[in-house]
Amino acid sequence: MSREIAENVDQELVRRLAADDAAALEEVYQRYAPRCKGIAFRLLRDDARAEDAVQEAFLALWRHRQGLVVRTGGISPWLYTVTRNAALAIMRSESRRTAREERVEAPDQAPDPLADVVSAEDARGVRAALAELPPEQRTVISCAYFGAMTLAQIAQRTGAPLGTVKRRAQLGLSRLGRALRPQAS
Amino acid sequence: MIQHPHDQIEAFALGSLDEDDQRTVLEHADACPTCAVLLADAMAGVGALATLESPRPVDRALARPLAAPVARRRIGAPAWVATAALAACLALLFWNVRLRDDALTVPVGALVHSHFVHHPMAGGPQSAGSAKVLQAPDGHWIYVVADGLTPHGRYALWETRSGATQKVAELTADDRGQAARYVEQPQGAIEAVVLSPGDKPFTDAGALRWP
C-alpha cells in the first residue's frame, strides 16, 4: 500500500473513531500496534512494560479521538509519539532514567545512535533525511529520540541555550516529517 | 485568555515533557485546531524516525473481541497474556460487557471517563495461569481478568482494604481457563487483590496475587 493510500485509509479511520466506531480502533491496533510495541521495547527492553505503553497509547487514542488531526504520515505519528512518551514515563517512574543517561555519551563522542536500530527498506528516505540534517539539528534529534534525553539536558550537554535547542528540534522534526510525505510521481 | 502551548510542541513530540504537561498539551490540542496542526506536524518527524524501529509481535487475538458485532457481543474474558489489559480495557470502555456467567453489565459510561491503574498479579509456586487487576484510582471499582486457570475451576476473589481482607466475588473459569469479574464498591485504598482457588488467600500456593 502506498503511503498516500495509507494516509487516506487513516483519514477514514480517524473519521470513524470520531464517530465512536470502536471497530475502527481494532483496525488501527492491527495496523500499528506492532511498531508501537517495537518503539516502546527499544526504550524499556521488556515485553510486558512495552505492552503497557502500547495499551496506554491506544487508550489515549480513544480518549482524544475527537481532536485528532491527520497530516503527514497518517495516524501513525500520533500513535508512535504517544507510545514513546508512555514508555518514557514508565522509564522515569521506575527511576531507571538516571542509569540510562549515564550510558548516553556526549554527542561528539557517542557511537552511532542508530546502531541498535534495525534498518528497514521503507526507512531509507528517513535515514537519508536524518543524515542530511545540519549537524546541530541532527545532534538534538539523535540525543532526544535515540538517547531519550530531554531538551533541557541536551541544552546542558551542548552548551546551547534551551530556546536554541527547541528551535533546532523544530527544524529537524520538520525536515524529517517531510521525508514521510508522498513523493510526487 | 487562551494559553497556546506553542513552545512545548517539540518537547512533547520528543518526549521531554512530564506526564502532566503531556496531558495538558493533548487536551489543549483536542480543542484547538491550530495547535493540533502544529502538533501533528511535529509528530510527523517522530513518525519518520519511528520507521527505523523494528516492529515486535503483538497478540492479535487481543483485538479479536473488538471485531465481533457489538450487538451480539458476549465476552467471557479476553485472552490474557501480558497485554490483556488492552482488550479488557477496550471492551470495558466501549461496550456493555456481559460476563459469561452472571450477565453483569459494566457501567461503561462511568468507565469511559475514568482514569485507571492496572497491576499484574503474580503466582505462587503452584499457581496456574496469569491475571491482571485494573482498578479505579479511588478504588471504587476493580476488574480482574485471568487466563490459564483450571478449566471450569472455581475461584474466589479477595481484596484487602484498610487492613481487612474479605471475599468480594466468586467466579468460575470457562472451558478455556479464562475468567473475568468486575466489582463495584465504595471508594477506598486497595491494598491487595488475590485470586485464589481456595479459602486461604494468603497461604494458598495456587493463588495469584497483587502486590
Side-chain angles (χ1 to χ4, degrees), chain A residues 22-23 25-26 29-30 33-35 37-39 41-42 47-48 50-51 54-55 58-60 62 64 66-67 69-73 76-78 80-81 84-85 88-89 114 117-120 122-123 126-127 129-130 141 144-145 148 150-152 166 169-170 172-177 179-180, chain B residues 7-19 22 26-33 36-37 39-60 62-67 69-70 81-86 89-90 93-95 112-113 116 118 120:
Chain A
L25 187 67
E26 190 223 348
Y29 181 86
Q30 298 281 11
R35 194 176 297 278
K37 186 177 170 186
I39 292 165
F41 184 84
R42 189 176 62 79
D47 268 315
E51 286 161 350
V54 174
Q55 168 192 319
F58 278 82
L59 288 170
W62 184 257
H64 295 283
Q66 303 292 349
V69 171
V70 173
R71 300 265 290 178
T72 305
S76 61
W78 195 100
Y80 298 157
T81 303
R84 185 171 175 276
N85 283 350
L88 287 167
L114 303 180
V117 179
V118 177
S119 62
D122 63 357
V126 176
R127 285 181 170 274
L130 189 59
I141 297 295
Y145 187 87
T150 66
L151 298 184
K166 285 183 177 178
Q170 180 188 21
L173 287 174
S174 176
R175 283 179 180 232
L176 290 172
L180 275 184
Chain B
D7 66 338
Q8 292 190 306
I9 296 291
E10 284 72 36
F12 177 93
L14 288 168
S16 287
L17 297 182
D18 64 29
E19 289 178 84
Q22 286 177 29
L26 281 178
E27 287 174 357
H28 178 86
D30 281 347
C32 176
V37 168
L39 191 60
D41 285 346
M43 286 173 159
V46 175
L49 292 168
T51 64
L52 303 175
E53 310 260 17
S54 300
R56 286 184 72 81
V58 295
D59 186 350
R60 292 178 185 276
L62 291 176
R64 198 175 306 143
L66 309 180
V70 173
V81 288
T83 53
L86 173 63
C89 295
L90 296 180
L93 291 170
F94 307 145
W95 300 290
V112 165
H113 300 291
F116 60 89
H118 51 91

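Being a predicted model, the structure only gives us computed values, none of them experimental. Order of the sequence lines sets the chain letters (A, B, ...), proteins ahead of strands, with each chain counted from 1. Quick note: numbers below take in every heavy atom, side chains included, and nothing from hydrogens, waters or symmetry partners.
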Between [X] and [Y], which heavy-atom pair has the shortest distance, and what is it?
| X | Y | result |
| --- | --- | --- |
| A:Tyr145 | B:Ala50 | OH-CA, 3.5 Å |
| A:His64 | B:Leu26 | CE1-CB, 3.6 Å |
| B:Ala36 | A:Val69 | CB-CG2, 3.4 Å |
| A:Arg35 | B:Glu53 | NH1-O, 2.6 Å |
| B:Met43 | A:Pro77 | O-CB, 3.2 Å |

field: Atom group of B:Ala29 that falls short of 4.5 Å from chain A, counting heavy atoms
entry: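 Contact with chain A: backbone only.
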message: Is B:Leu17 close to chain A through its backbone or its side chain, or both, or neither, when contacts mean heavy atoms under 4.5 Å?
response: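 Answer is backbone: N, CA, C or O of B:Leu17 sit under 4.5 Å from chain A.
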statement: The reported gap from CZ in B:Arg56 to CD in A:Glu51 (rounded to nearest 0.5 angstrom) is 9.0 Å
query: Rounded to the nearest 0.5 Å, how far apart are CG of B:Leu52 and CD1 of A:Ile39?
result: 10.0 Å
field: Side chain to side chain, B:Phe12 and A:Thr81, heavy atoms closer than 4.5 Å
entry: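 Yes, at least one pair of side-chain atoms sits under 4.5 Å.
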Close side-chain approach of B:Asp30 to A:Gln66, heavy-atom, < 4.5 Å: no
Test applied, side-chain contact (heavy atoms from CB on, under 4.5 Å); reference residue, A:Leu173; option that passes from B:Asp41, B:Leu14, B:Ile9: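 It is B:Leu14; the other options fail the test.
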Test item: A:Lys166 side-chain N/O and B:Ala11 main-chain N/O as donor-acceptor pair under 3.5 Å: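 Not confirmed, A:Lys166 side chain does not pair with B:Ala11 backbone.
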